[in-house]
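Here's the structure, in structure tokens; my notes come after.
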Amino acid sequence: MRTLLPSHTPATVTTAARRRHVIHCAGKRSDSFSIGSSISDWQSSCAILSSKVVSQEQSDSLISAVNNNGAGISDLNLVPFNNNNKSIQSKKPLSISDLSPAPMHGSNLRVAYQGVPGAYSEAAAGKAYPNCQAIPCDQFEVAFQAVELWIADRAVLPVENSLGGSIHRNYDLLLRHRLHIVGEVQLPVHHCLMALPGVRKEFLTRVISHPQGLAQCEHTLTKLGLNVAREAVDDTAGAAEFIAANNIRDTAAIASARAAEIYGLEILEDGIQDDASNVTRFVMLAREPIIPRTDRPFKTSIVFAHEKGTCVLFKVLSAFAFRNISLTKIESRPNHNVPIRLVDEANVGTAKHFEYMFYIDFEASMAQPRAQNALAEVQEFTSFLRVLGSYPMDMTSWSPSSTFSL
């Protein structure tokens, strides 16, 4: 994939910017000095120790004066308390609100997303956490790391689209990082073909967008009769930004209407997605999981690697079917730790089997006994099992007419 976006975009959290937020510790803290310390270190140590002695003596004299029935109180220069004294500012005592965790929604949350302003991920972040502070990141992995390094409180990342399928990169990152899925949001997607003002479609030689954007508009681009090269970039809004920043007049971008507005492009064709019911599913990630509940529909996401044997995957799926648990998704990804398994068979030779990790979403809460019993049975047939999250399902209704143009 060719990346056309400039790497020095100021509004984007990059790896270099991320390092500025990290404080590195050079070694363990210690109040003692080794024999090989320099003279300056020894002098500094002596100064610190002497200051501790002086402060201790002052503290002892203060305690002695106060405990001596008022003797020496005049020497302490205490400020007499009265309501008219403006020099004393009473402090508000701590309350339970001062100790409460960050709110789940609202303007206090910092939410990381992949892309630049105008991206669909930004719209998804705004739908998941209204009035949040959206933090753009140049790569999916940067968004994961932004949450892990406390630069952001949440991350909102796409995992699948109704036309383009799964975003495999994020499934791999879910396994690599230790963040938890705490929610999901489904965002209807409305694509536009855009270019610089005055550019006509017949003069275009190239169309750029995110791979998912190109895949979701493939048939429509063919119907428009555009004999153009199709080139993938990091994100949809980034394609629009690239055209505007470099004043490229033979290239169009597939992005949102808001991206066209932000970067001053003209919409040549509106609603060019192949299906009007084009929806992308995003997951919301946090450092800590949420407590599963049973008072509303929940979804649980897991990943596992199966043990060697016959019909293992069938046995795993039967654990859910037996308890009437509906699966909403099953995805297989190569097991990077053990990509190939060798199987010796007599008189046949050595067979090579590909090893996979399986991702499953099912409609049940981990607070329900049937979900707990199903995973207990699944664990008998797996060499690795991890719950990625148990979270509320997105039950908001939508229609093609209410498609987001952000």
Distance (rounded to the nearest 0.5 Å) between [X] [atom1] and [Y] [atom2]:
X    : Y    : atom1 : atom2 : answer
L226 : C217 : CG    : SG    : 11.5 Å
T328 : E363 : OG1   : CD    : 5.5 Å
D172 : F140 : CG    : CZ    : 12.0 Å
L163 : H219 : CG    : NE2   : 9.0 Å
E266 : R200 : CD    : CZ    : 11.5 Å
Q145 : Q139 : CD    : CD    : 10.5 Å

Min side-chain heavy-atom separation [X]-[Y] under 4.5 Å:
X    : Y    : result
V147 : H177 : no
E269 : M194 : no
L285 : L174 : yes
V233 : F242 : no
P136 : Y113 : yes
L385 : V303 : no
L193 : I267 : no
L327 : L317 : yes

Kindly say whether [Y] contributes a backbone atom to a donor-acceptor pair with the side chain of [X] at under 3.5 angstrom?
X    : Y    : result
T205 : D250 : yes
K299 : E184 : no
H210 : Q212 : yes
D274 : T220 : yes
T251 : V207 : no
N335 : M357 : no
E241 : A237 : no
N170 : P158 : yes
R386 : L175 : yes
S121 : L157 : no

Between Q368 and T294, does a side chain to side chain contact (heavy atoms under 4.5 Å, CB included) hold up when you go through it step by step? CA-CA 7 Å; Q368 297 176 288; T294 58; 3.9 Å; yes
Quick check, are the ring centers of Y359 and H168 under 6.0 angstrom apart?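 No: the rings miss the under 6.0 Å criterion.
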Please report the shortest heavy-atom distance between [X] and [Y], naming the atom on each side.
X    : Y    : result
T236 : I254 : CB-O, 3.5 Å
A119 : D235 : CB-OD2, 4.3 Å
I248 : L196 : O-CD1, 3.3 Å
P392 : I290 : CD-CD1, 3.6 Å
H191 : Q273 : N-OE1, 2.9 Å
A371 : A364 : CB-CB, 4.0 Å

Between E148 and R178, does a salt bridge (Lys or Arg N to Asp or Glu O under 4.0 Å) hold up when you go through it step by step? CA-CA 8 Å; E148 291 176 329; R178 302 300 298 180; over 6 Å; no
From CA spacing to verdict: side chain to side chain contact (heavy atoms under 4.5 Å, CB included), E231, R206: CA-CA 7 Å; E231 205 165 303; R206 182 176 57 163; 3.4 Å; yes
Check: [X]/[Y] side-chain N/O donor and acceptor closer than 3.5 Å:
X    : Y    : answer
D270 : H190 : yes
Q216 : N161 : yes
T300 : Y391 : no

Does CZ belonging to F384 count more than 12 external heavy atoms closer than 6.0 Å? yes
Can you confirm whether E331 is buried at CD, in the sense that more than 12 heavy atoms of other residues, nucleotides or ligands lie under 6.0 Å from that atom? yes
Between V279 and V189, does a side chain to side chain contact (heavy atoms under 4.5 Å, CB included) hold up when you go through it step by step? CA-CA 6 Å; V279 180; V189 176; over 6 Å; no
Check the pair D234, Q114 against side chain to side chain contact (heavy atoms under 4.5 Å, CB included), reporting the backbone distance first and the verdict last. CA-CA 9 Å; D234 284 343; Q114 188 274 330; 4.1 Å; yes
Could you name each residue pair satisfying salt bridge (charged side-chain N to carboxylate O under 4.0 Å, His left out) that touches residues 282-298, not counting sequence neighbours? D153-R287, R293-D295
Write out all pairs satisfying ring pair (Phe, Tyr, Trp, His ring centres under 6.0 Å) with one or both partners inside residues 259-304, taking only residues at least two apart or from two chains. F304-F358
Quick one: salt bridge (charged side-chain N to carboxylate O under 4.0 Å, His left out) partners of R249, sequence neighbours excluded? none
Please enumerate all residues that pass salt bridge (charged side-chain N to carboxylate O under 4.0 Å, His left out) together with E160, with sequence neighbours excluded.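 With sequence neighbours excluded, E160 shows a salt bridge (charged side-chain N to carboxylate O under 4.0 Å, His left out) to R281, K329, given in chain and number order.
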Taking only residues two or more places apart in sequence or in another chain, which ones pass side-chain hydrogen bond (donor to acceptor under 3.5 Å, both in side chains) with S332? none
Any side chain to side chain donor-acceptor pair (under 3.5 Å) involving residues 370-385? Give me the pairs, sequence neighbours left out, ordered by first then second residue.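 Only R323-E377 qualify under side chain to side chain donor-acceptor pair (under 3.5 Å).
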